[in-house]
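In this chain, residues are counted from 1 in sequence order.
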Amino acid sequence: MDLVRQQVGQTVRVLVEGYGRSDGTLSGRLDNNLTVEFSADPALMGSYAQVHLTGARATVLLGETGNVIPGHTGLNDNPTIKTKHIKGDF
């Protein structure tokens, strides 16, 4: 819980993954795998966004969105991740 609270006040890059637990919110993860919940347009899912961390619950950070990070879709941004293409009829 201390690790979560220490993050409050920072602006961080979040991979937007899906809907949050509260109505009208989205959920995403930091590079260190902590979860962040914030209000934003669902069109951001699958991309990175700048989020200013404004508070914390027991294991979830709360924040406000800033800008979408251009050129980052969250899909294959990491050059060490290889995509395997399978050929054939299924």
Any residue meeting side-chain hydrogen bond (donor to acceptor under 3.5 Å, both in side chains) with Ser22, in chain and number order, not counting sequence neighbours:
Glu37
Which atom of Ala40 lies closest to which atom of Thr65, heavy atoms considered:
CB-CG2, 3.5 Å
Closest approach of Ser27 and Thr35, non-hydrogen atoms and distance?
OG-CG2, 3.5 Å
In this structure, would Val4 and Val8 fall into the same cluster of hydrophobic residues linked by side-chain contacts under 4.5 Å?
yes
Looking at every non-hydrogen atom in both residues, tell me the closest pair between Gly9 and His52 and how far apart they are.
O-CE1, 3.1 Å
About how many Å separate OH of Tyr19 and CG of Leu26, when rounded to the nearest 0.5 Å?
7.0 Å
I would like to know whether Arg13 and Gln50 meet side-chain contact (heavy atoms from CB on, under 4.5 Å); could you show each step before the answer?
CA-CA 5 Å; Arg13 182 177 83 149; Gln50 292 287 96; 3.9 Å; yes
In short, Thr25 meets Ser39 closest at the heavy-atom pair CG2-OG, 4.1 Å
Should Leu44 and Val60 be regarded as members of a common hydrophobic cluster, given that ILVMFWY residues are connected when their side-chain heavy atoms come within less than 4.5 Å of each other, either directly or indirectly?
no
For Gln7, give me all partners under side-chain contact (heavy atoms from CB on, under 4.5 Å), at least two apart in sequence or on another chain.
Leu3, Gln10, Leu30, Asn32, Leu34, Leu53, Leu61
side-chain contact (heavy atoms from CB on, under 4.5 Å) between Phe38 and Val16: does it pass, once the steps are laid out?
CA-CA 10 Å; Phe38 50 94; Val16 185; 3.8 Å; yes
